[in-house]
Amino acid sequence: MSSIKILKPDELIRIGYEPPRTAWMDTPVDFRPGTWSYSAAAKNLTYLDLPNPRAWQPYDENWKLPENWKQIILDGMRERLEKYRSFKLFMDLCVRCGACADKCHFYIGGGDPKNMPVLRAELLRSVYRRYFTESGRRFGRLAGARDLTVDVLKEWFYYFYQCTECRRCSVFCPYGIDQAEITMIGRELLNLVGCNINWVIEPVANCFRTGNHLGIQPGGIKDMLEFLADDIEDRTGVRVDVPLNRKGAEILFVAPSGDFFADPGTYTCMGYMMLFHEIGLNYTFSTYASEGGNFGLFTSHELIKRLNAKIYAEAKRLGVKWILGGECGHMWRVLHEYMDTMNGPADFLQEPVSPITGTRFENARSTKMVHITEFTSDLIRNGKLKLDPRRNDHLRLTFHDSCNPARAMGLFEEPRYVIRHAARYFYEMPEDTIREKTFCCGGGAGLGNDENIEMRMRGGMPRAMAVRHVKERHDVNRMACICAIDRSTLSALMDYWVPGVTVMGVHELLSNALVMKGEKERTTDLRGEPLKERTDDETL
Ligand code: SF4
Ligand code: SF4
């Protein structure tokens, strides 16, 4: 955990919801340690050819902005109001009904009114009114308008980097106002004058340089996958293949790079490899498309497009028929909401058909990309996998719906279908904290860094409390999820709020239960932890 000092959980949970005495426009931003993220390093901005590379930090008095920074932002806002109809609507539409006010995890966990979605949007809307509406130009503050100043820019930076773009608030808005879209535009405007965070920009730069967020070279990926194959052999006695950059393979498999390199994601990666081996899938990993995640989503529409295009360029180069995607979060939001209009349709690929079951994935007709839990649940439904769920009897599970597959895809049933066939003890968290109402991990959209640790723990508090509920009621000790960022941030969140609960991917769970041809008797799970002793003599 971070070197930044953070209060103990029983102190942090004493949240003050009283608003400040001053009006919101007169309450300056306070860059308190633990609540913001470091600025992007100049070398990363230079690499991506982004504006105003320099050394600075958010707590500096002087942000070293370009001389004409205000004009750059206002021109950028005008351009986006003309280009994105949704942005214009969201600036005009809000009726201040307040339905979203208490739905953001950062407001619930922190009590800062500017983390209410309605007020977060107002930070941008007030400037829109001042420069782009007649009432704002004439009546200024009376019409909810204000000048764009350096202090306003600092406020944007602080609060748009305290929004994980999770879209929970939009589920409750009667007008469908999507705060994530507003935050995206806010960040895009900040980017125009070089105000961005390193935890977003460095992964983007790494992705362009080496193919993945972590900056791992092709040889490193090969070594890591071979190492995971060794571990699989150790646990199961079965040696799995590691197909890499294989031209003419039927399927390109793209996973978040966190699954290659960081525990507990590596166990999920072992799960993918075991599954593909067992069904004899003709597939390949790629060292060029070695990242499913797309941190462009947290930077600008232009970078979303460029990063997404990389996966499809690789599919074309390798000559595959279609693409299978792993347990990633925002990769799927990009795929479902942007791919088609940005880079699609991917007509050079074929409509995905499972080579094992013959199922045609019509939902992927345009993107030609299928989610791994859709693929696996179809295998189970067609009786293609032999599973022994008792091998997961040492786990009492709950499932966290990751924001993007849940709210951007509606992917609720497939992961649960896999879990229910792979394990016997599964308990849902309370209804208003799962499925489309799921609470964010608190560390998405580039905020899962160490310097931002207090806001992460505050933002993750509502999710953690729901986990604590099932831990106390059902003795839950493991939370499954289908997102690499979640696997990382939820682990730290559980250590802080609900010690004793650990985190796993759904395909780790599946492969614990997967009975492979020629395997030895399994005595441990993929982590090397002993399986629960059997008290019955049931056979499969
Ligand atoms: S973090 Fe999520 S709930 Fe909060 S304002 Fe942003 S999109 Fe809405
Ligand atoms: S729920 Fe929608 S309309 Fe109501 S205050 Fe929030 S953003 Fe505005």
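Nearest heavy atoms, A229 versus V242: CB-CG2, 3.9 Å.
In this structure, R396 is positioned above the aromatic face of Y425, its NZ or CZ under 6.0 Å from the six-membered ring centre and within 45° of the axis. For the pair K305 and Y338, the NZ or CZ position fails the cation-pi test of under 6.0 Å to the six-membered ring centre and within 45 degrees of the ring normal.
Between R381 and E413, none of the side-chain N atoms (NZ, or NE/NH1/NH2) sits under 4.0 Å from a carboxylate O, so this pair counts as no salt bridge. No salt bridge links K83 with E188; every basic N to acidic carboxylate O contact stays at or beyond 4.0 Å. The pair K520-E233 does not meet the salt-bridge criterion, since no charged nitrogen lies less than 4.0 angstrom from a carboxylate oxygen. Using a 4.0 Å cut-off between charged nitrogen and carboxylate oxygen, E428 and R416 count as a salt-bridge pair.
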Ignoring hydrogens and angles, write down the donor-acceptor pairs under 3.5 Å from the side chains of residues 246-262, residues two or more places apart or on other chains.
unit_1 : atom_1 : unit_2 : atom_2 : d
R246   : NH2    : D241   : OD2    : 3.1
S257   : OG     : E291   : OE1    : 2.4
D259   : OD1    : R487   : NE     : 3.3
D259   : OD1    : R487   : NH2    : 2.9
D259   : OD2    : Y272   : OH     : 2.6
D259   : OD2    : R487   : NH2    : 3.1

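Partners of Y427 under the ring-ring contact (aromatic ring centres under 6.0 Å, His included) rule, at least two apart in sequence or in another chain, are H474. For F298, the ring-ring contact (aromatic ring centres under 6.0 Å, His included) test picks out F295, H330, with sequence neighbours left out. Every residue meeting the side-chain contact (heavy atoms from CB on, under 4.5 Å) condition with R235, not counting sequence neighbours, appears here in chain and number order: D231, T524. Not counting sequence neighbours, the partners of H394 by the side chain to side chain donor-acceptor pair (under 3.5 Å) test are D525. For R209, there are no salt bridge (Lys or Arg N to Asp or Glu O under 4.0 Å) partners, not counting sequence neighbours.
Here the side chains of L275 and L281 are not in contact, with every heavy-atom distance at 4.5 Å or above. Counting heavy atoms from C-beta on, the side chains of Y283 and P243 come closer than 4.5 Å.
Other residues, nucleotides and ligands place more than 12 heavy atoms under 6.0 Å from the CZ atom of F208. Within a 6.0 Å sphere centred on CZ of F172, heavy atoms belonging to other residues, nucleotides or ligands number more than 12. In W199, the CH2 atom is not crowded: 12 or fewer heavy atoms of neighbouring residues, nucleotides or ligands sit closer than 6.0 Å.
Checked options R391, K386, R239; the residue passing with E519 is R391 (criterion: salt bridge (charged side-chain N to carboxylate O under 4.0 Å, His left out)).
Between the side chains of E314 and S286, a donor-acceptor pair is found at a separation under 3.5 Å.
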